[in-house]
Amino acid sequence: MKKVGLVMGSISDLGAVQPAIDLLKELEIPFEAHVYSAHRSPAEAAAFAKGARENGFGVLIAAAGKAAHLAGALAAQTTLPVIGIPVKSSTLDGLDALLSTVQMPSGLPVATVAIDGSYNAAMLAAQIISLSDAQLADKLDKQRASMHDSVLEKDAELQKKLQ
Ligand code: RP5
């Protein structure tokens, strides 16, 4: 199975990224997580993205806050799909990071999830990896079915309460 490369701009992003790490572990998808900054360690960030395809990665996830250029900087170095997580910081509620991540120039897409949406970033990465892994696709189908069932259970509970 191809690996997921998860890069965060600062160790202070780890809390926001944790749901992605947990989901990748739960789905048993091999991954590497690194702290590489587009601004503070640009050479390492670029080298990681440049070598990612030949190093067995199938998709990259980048989490960064403030002037969040990390996802775009990785996308500039690889044609692997790159998923961006805008991280909420102490000012501007993450809108700064959202706009910095999502507004990529034509030809260099970054699939941007919601502010602090790291769970969905890992889910999207899993869906991409599942294109070439039937077992993982099956796990995702089962997870979707269980989500569906739990919504119906909640509805049944609500109907009971309202009687
Ligand atoms: C970004 O700046 C990081 O991704 C982080 O979200 C934000 C703040 O970084 P620290 O100053 O906490 O290291 O580069």
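Counting convention: from 1, in listed order, for ligands and their atoms alike. Index from 1, following the sequence. Values in this document were obtained by computation on a predicted structure and should not be read as measured data.
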Scanning both residues in full, the closest heavy-atom pair of V110 with G84 reads CG1-N, 3.6 Å
Using atom types as modelled and distance alone, determine if a side-chain donor or acceptor of D13 lies under 3.5 Å from a backbone N or O of G9.
yes
Going by atom types alone, do T78 and R53 pair a side-chain donor with an acceptor below 3.5 Å?
no
Set of residues that line ligand 1, where lining means a heavy atom lies under 4.0 Å from it:
G9, S10, S12, D13, R40, A64, G65
How far apart are the closest heavy atoms of A45 and L70, and which atoms are they?
CB-CD1, 4.2 Å
Parallel, tilted or perpendicular: rings of F48 and Y36 (30°, 60°):
tilted
I129 and G58: which non-hydrogen atoms are nearest, and at how many Å?
CD1-CA, 4.1 Å
